[in-house]
Amino acid sequence: MKSHTIILLYIVAECVCDQINRHEYSPTSDVYNQSKVHVKQDDRHKPEQQCPDAEDIAPCTCTYNSVSNAIDLNCSAVESEEQLKQIFKADFPFKNFREFRIEDNNNIKVLEAAVFNGISFEKINIEHNHLEVIELQALNSCYETATVISLKSNNITSFPFDELSQFSKLSYLYIRENSLSMIPADAFHGLTALEYLDISGNHADIVGTFQDLPNLRYIELSSNALTTIPAHFSETGSSNLSYIGLAGNSIVSVEPGAFDIVDGLNIDMWYNSLSTLEEATWRPNLEAGGTLRTANNPLVCGCDIAWLFGEDQLLGQVDMRATCTDGEYLHNLDPSIFDNC
Ligand SMILES: *[C@@H]1O[C@H](CO)[C@@H](O)[C@H](O)[C@H]1NC(C)=O
Ligand SMILES: *[C@@H]1O[C@H](CO)[C@@H](O)[C@H](O)[C@H]1NC(C)=O
Ligand SMILES: *[C@@H]1O[C@H](CO)[C@@H](O)[C@H](O)[C@H]1NC(C)=O
Ligand SMILES: *[C@@H]1O[C@H](CO)[C@@H](O)[C@H](O)[C@H]1NC(C)=O
């Protein structure tokens, strides 16, 4: 009975993560459709007047959405940093926008300090460009408004991590698929609104620990250069944490006390270099109702993993695809081989 419940939990956790993965940031996705620009009643009678004159901001385009009463700015066609700067010197009758967008643009390499010249945005989508540098205070007009910052698929080598704690409402931060060489985990401390963090695919050293993130649900760190996971690595204090993605690093060891202990927390260790699953490290997470994915690790499968085959059947919370170095599935091992351990 218990193992059924556990397997079910595991499936549920997997589904949640799959959904999150499918929910890859997309502007139409519901989870991002939370906050609206609230316009004073007086400003509403001529909505189109909330946008600057089209010719003043070309080739950016401003659109007003009457349903959500919000204005968005799309600067995907911008030709240079200098042009972007000039555009924000235009007369903006309304300074609080919902969304800023630059997509599939090869012209902007640097996002310069104070580039928005006081205009604020809730959602910043600068995806699939060749951006390399985000200068200090580039997004300073959005400290109190930004709920989403997505810089996915650029070529960012320099990001102002020290400034992150200023973004008091930041709930989604995506810096995946960039070229950061070092990511200081301590820079995320105290982002109390943060729910989704994705810094995967940078091949970066991740230094420090993830702490004091009370609303975190999802943290994706896959395809980076982690080799050891220290104690307190993820001590977010969030009871909503459901996923920690560490796949595709080069992790050889995980110290006890590395992760939050949360029911339903799915830890993905696929494609790493673990040769064992130490009881002191993993038992607390599995006992609390968490799950572990370990396929594609060179597990030796000696007496060191006998604890998974005990009466509490914790193996049920390890993924079905986990194998030993000889290719044998953990789930197919005969428990009696551990009798003499
Ligand atoms: C966003 O929210 C508004 C109102 O809550 C709703 O009418 C609209 O359909 C939503 N848009 C999307 C893309 O879900
Ligand atoms: C933004 O503008 C670019 C070209 O300037 C266009 O191709 C793209 O579809 C626009 N995106 C949205 C979401 O309006
Ligand atoms: C990213 O930057 C590096 C060096 O700065 C360069 O070699 C590489 O071609 C760039 N990649 C893209 C996709 O622009
Ligand atoms: C956790 O999630 C629930 C439900 O989505 C939400 O109400 C709550 O504020 C979140 N945060 C914490 C710390 O529980």
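Keep in mind that this is a model prediction, so the values were computed, not measured. Just so you know, ligand 1 is whichever comes first in the structure, and atom 1 is the first atom listed for that ligand.
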Compute whether any side-chain donor of one residue and acceptor of the other, for D304 and T276, lie under 3.5 angstrom apart.
yes
With a 4.0 Å cut-off on N to O distance, would you call R217 and E195 a salt bridge?
yes
Between S76 and N105, is any side-chain donor less than 3.5 angstrom from a side-chain acceptor?
no
Short N or O contacts of ligand 4 with protein, under 3.5 Å, listed by atom name?
| from | atom 1 | to | atom 2 | distance (Å) |
| --- | --- | --- | --- | --- |
| ligand 4 | 2 (O) | R217 | NH2 | 3.2 |
| ligand 4 | 2 (O) | N240 | OD1 | 3.3 |
| ligand 4 | 2 (O) | N240 | ND2 | 2.4 |
| ligand 4 | 5 (O) | R217 | NH2 | 3.0 |
| ligand 4 | 11 (N) | N215 | OD1 | 2.6 |
| ligand 4 | 11 (N) | N240 | ND2 | 2.8 |

Just jot down the ligand 2 atoms closer than 4.0 angstrom to any heavy atom of A77, in number order.
5 (O)
Among the clusters formed by ILVMFWY side chains lying less than 4.5 Å apart, do V133 and V115 turn up in the same one?
no
Check: E144/S168 side-chain N/O donor and acceptor closer than 3.5 Å:
no
According to the interplanar angle, ranging from 0 to 90°, do the rings of Y196 and Y172 count as parallel (below 30°), tilted (30 to 60°) or perpendicular (above 60°)?
parallel
Would you check the N or O atoms of R101, main chain and side chain alike, for any that come under 3.5 Å of an N or O of ligand 2?
no
Looking at R283 and D312, is there a salt bridge between them, counting it only when a charged N and a carboxylate O are closer than 4.0 Å?
yes
